[in-house]
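Residue numbers start from 1 in every chain, and the chains themselves are labelled A, B, ... in the order their sequence lines are given, proteins ahead of strands.
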Amino acid sequence: MPARRTATPLDSARVTRVRRRVLAWYDAHRRDLPWRHTTDSYAIWISEVMLQQTRVETVRERWVTFLSEFPDLGTLAAASEQRVLRAWEGLGYYRRARFLHRAAQSLVAAGASTLPDDVEALRALPGFGDYTAAAVASIAFGRRAAVVDGNVVRVLARYLGERGLHTQAATKRRIQAAADALLAPRRPGDWNQAVMELGATCCTPRTPECPTCPLRHDCVAWAEGDPTRYPHRAARKATPHYDIAAGLVWRRGRVLIARRKADGLLGGLWEFPGGKRRAGESLEAAMRREVHEETGLKVRSAEPFMSIDQAYTHFRITMHLFHCTAGAGMPRALACEEPHFVAPEDLDAYPFPRANRKAIDVLRTQGRGAGSAR
DNA sequence: TAATCGTGGTT
DNA sequence: TAACCAAGATT
């Protein structure tokens with residue numbers, strides 16, 4: 001292993017040099033992203049929330065369509081949560097959409113027609129953490145607030161030779177302090193985007209392109225020879241697998257759906273009733289038990305329809321779907337909300353998790369034949 | 001502090 | 001293929 005290089009201090013000459021190099025690199029290499037063509041703080045806010053833990057290429061199209069449906073703060077505040085969640089479908093981390101909606105309603109209720117323009121007021125809104133408050137304040141309002149996202153952590157950890165685990169508070173404080181010191185005071189929004197852009201396109205996690213990096217001259221990780229050792233991360237645990245059994249419970253050409261509770265996984269989204277199979281239980285028995293527990297309905301016939309694999313952050317599932325016919329009685333909201341039967345053509349109006357939407361798509365294209373998306 | 005919260009692309 | 005990862009926030 002190469003000897004550890006000692007980082008030179010961030011004196012003012014070095015800070016000036018770094019700012020100049022990184023901004024020049026950004027001016028030459030910045031990607032043409034749709035949200036870089038607006039100064040509308042609302043539109044920039046939407047982009048920042050969408051970009052949380054979500055790839056730029058995914059956000060490109062979704063940002064455009066979201067803004068066409070909700071072009072301003074007032075429109076978003078006036079919309080139903082269901083419509084907002086439907087517009088968010090597929091983006092994941094659905095809590096983001098509910099916080100977005102709630103923040104818009106809060107601002108409009110207070111008489112505002114636009115976002116507040118300082119970090120503290122932004123930080124107080126739901127869904128605004130340190131990163132998003134600094135990002136909106138700097139990019140939309142030119143405030144001198146340094147962002148620290150995953151890119152900034154990686155770039156600065158490598159550049160400075162930061163050896164602490166990136167999850168530790170002391171490490172975060174050091175990275176934030178360095179980001180604060182480096183922030184280019186005349187172009188705070190561009191500076192923040194420049195460092196993030198550098199992390200996203202050059203100082204990447206696995207295969208950084210160090211020869212083209214504007215920071216290679218005095219980067220500790222580059223001098224050591226293996227930048228990918230930074231930032232230091234703790235090992236992850238293996239993710240468990242669960243079998244989920246769910247029913248497409250039909251009655252007179254309509255199918256049963258129910259809404260998940262607002263908190264927790266996939267909160268506020270609709271689904272076909274079902275749940276985890278227990279040890280020793282058959283898939284069909286699990287489906288019958290779950291449908292009954294959640295809606296009070298008993299299922300008559302049941303035939304396998306399809307199985308879908310889905311990976312979540314901390315576990316993965318195989319969802320086994322059955323075509324069923326509903327027994328007598330009205331569905332009740334026992335362990336779900338608003339269970340009711342809907343015509344298949346009306347399912348597009350409801351926000352569904354990805355696995356459920358896949359099943360709906362198969363339903364459309366194949367009718368009620370068996371299929372698999374595994 | 002550590003766990004939780006989605007999804008799709010990449011390796 | 002399974003793990004890793006992405007412009008984080010909340011509890």
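If you measure from atom NE2 of A:His314 to atom C1' of B:dT7, you get 14 Å, rounded to the nearest angstrom. Look at CZ on A:Phe352: it is 13 Å from P on B:dT7, rounded to the nearest Å. Distance CZ (A:Arg96) to P (B:dT4): 19 Å, rounded to an integer number of Å. If you measure from atom CZ of A:Arg316 to atom C1' of B:dC5, you get 19 Å, rounded to the nearest angstrom. For the pair A:Leu85 CG and B:dG6 P, the computed distance is 10 Å after rounding to whole Å. For the pair A:Arg60 CZ and B:dG9 P, the interatomic distance rounds to 15 Å; values are reported in whole Å. The nearest whole Å value for the distance from the CD1 atom in A:Ile308 to the C1' atom in B:dG6 is 15 Å. Going from atom OH of A:Tyr94 over to atom C1' of B:dT7 covers 7 Å, rounded to whole Å.
The closest side-chain donor-acceptor pair between A:Arg233 and A:His166 falls under 3.5 angstrom.
Using a 4.0 Å heavy-atom cutoff across all strands shown, A:Asp130 reaches sugar-phosphate atoms only and no base atom. Note on A:Gln310: only backbone sugar-phosphate atoms sit closer than 4.0 angstrom, heavy atoms only; bases stay farther off. Residue A:Thr54 is in base contact, counting any heavy-atom pair closer than 4.0 Å across all strands shown. Using a 4.0 Å heavy-atom criterion, one finds that A:Thr132 contacts the sugar-phosphate atoms exclusively. Among the protein residues, A:Ala311 comes within range of the nucleic acid bases, having at least one heavy atom under 4.0 Å from a base atom.
Between A:His101 and A:Phe99, the distance separating the two ring centers is not shorter than 6.0 angstrom.
The aromatic rings of A:Tyr42 and A:Trp45 lie perpendicular to each other, with more than 60° between the two planes, well past the 30° mark.
Annotation for A:Ala246 and A:Phe272: closest pair CB-O, 3.9 Å, computed over non-hydrogen atoms. Counting all heavy atoms, side chain and backbone alike, A:Ala302 lies closest to A:Met287 at CB-CE, 3.7 Å.
For A:Gly90 and A:Arg206, each mapped to the nucleotide of DNA chain B holding its nearest heavy atom, the one lying further toward the 5' end belongs to A:Gly90. If you find the closest nucleotide of DNA chain C to A:Thr239 and to A:Ile139, the one lying nearer the 5' end belongs to A:Thr239. Between A:Arg55 and A:Gly129, the residue whose closest nucleotide on DNA chain C is further toward the 5' end is A:Arg55.
Comparing the P positions of B:dT10 and C:dA7 gives a spacing of 14 Å, expressed to the nearest Å. Comparing the C1' positions of C:dC5 and B:dC5 gives a spacing of 15 Å, expressed to the nearest Å. Atom name C1', nucleotides C:dT10 and B:dT1: the rounded distance is 13 Å, in whole Å. Nucleotides B:dG6 and C:dT11 are separated by 14 Å at their P atoms, to the nearest Å.
Boundaries of the chain A contact region on DNA chain C are C:dC4 to C:dT10, first to last in 5' to 3' order (nucleotide atom under 4.0 Å from a heavy atom).
Checked for salt-bridge contact, A:Asp348 and A:Arg364 meet the test: a charged N lies under 4.0 Å from a carboxylate O. Between A:Arg123 and A:Glu120 there is no salt bridge, since none of the side-chain N atoms of the basic residue sits less than 4.0 Å from a carboxylate O of the acidic one. One finds a salt bridge joining A:Glu197 and A:Arg36 here, because a Lys/Arg side-chain nitrogen approaches an Asp/Glu carboxylate oxygen to under 4.0 Å. Of the charged side-chain nitrogens involved, none lies within less than 4.0 Å of a carboxylate oxygen, so that A:Arg158 and A:Asp226 do not count as a salt-bridged pair.
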Could you go through the side-chain contact (heavy atoms from CB on, under 4.5 Å) check for A:Thr132 and A:Arg96 one step at a time?
-> CA-CA 12 Å; A:Thr132 306; A:Arg96 292 182 294 174; over 6 Å; no
For A:His241 and A:Thr318, what are the C-alpha separation, side-chain angles and deciding distance, and is it a side-chain contact (heavy atoms from CB on, under 4.5 Å)?
-> CA-CA 8 Å; A:His241 174 271; A:Thr318 304; 2.8 Å; yes
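A donor N or O paired with an acceptor N or O is not found under 3.5 Å between the base of B:dG8 and the side-chain atoms of A:Thr58.
Within residues 18-40 of chain A, no residue has a heavy atom under 4.0 Å from DNA chain B.
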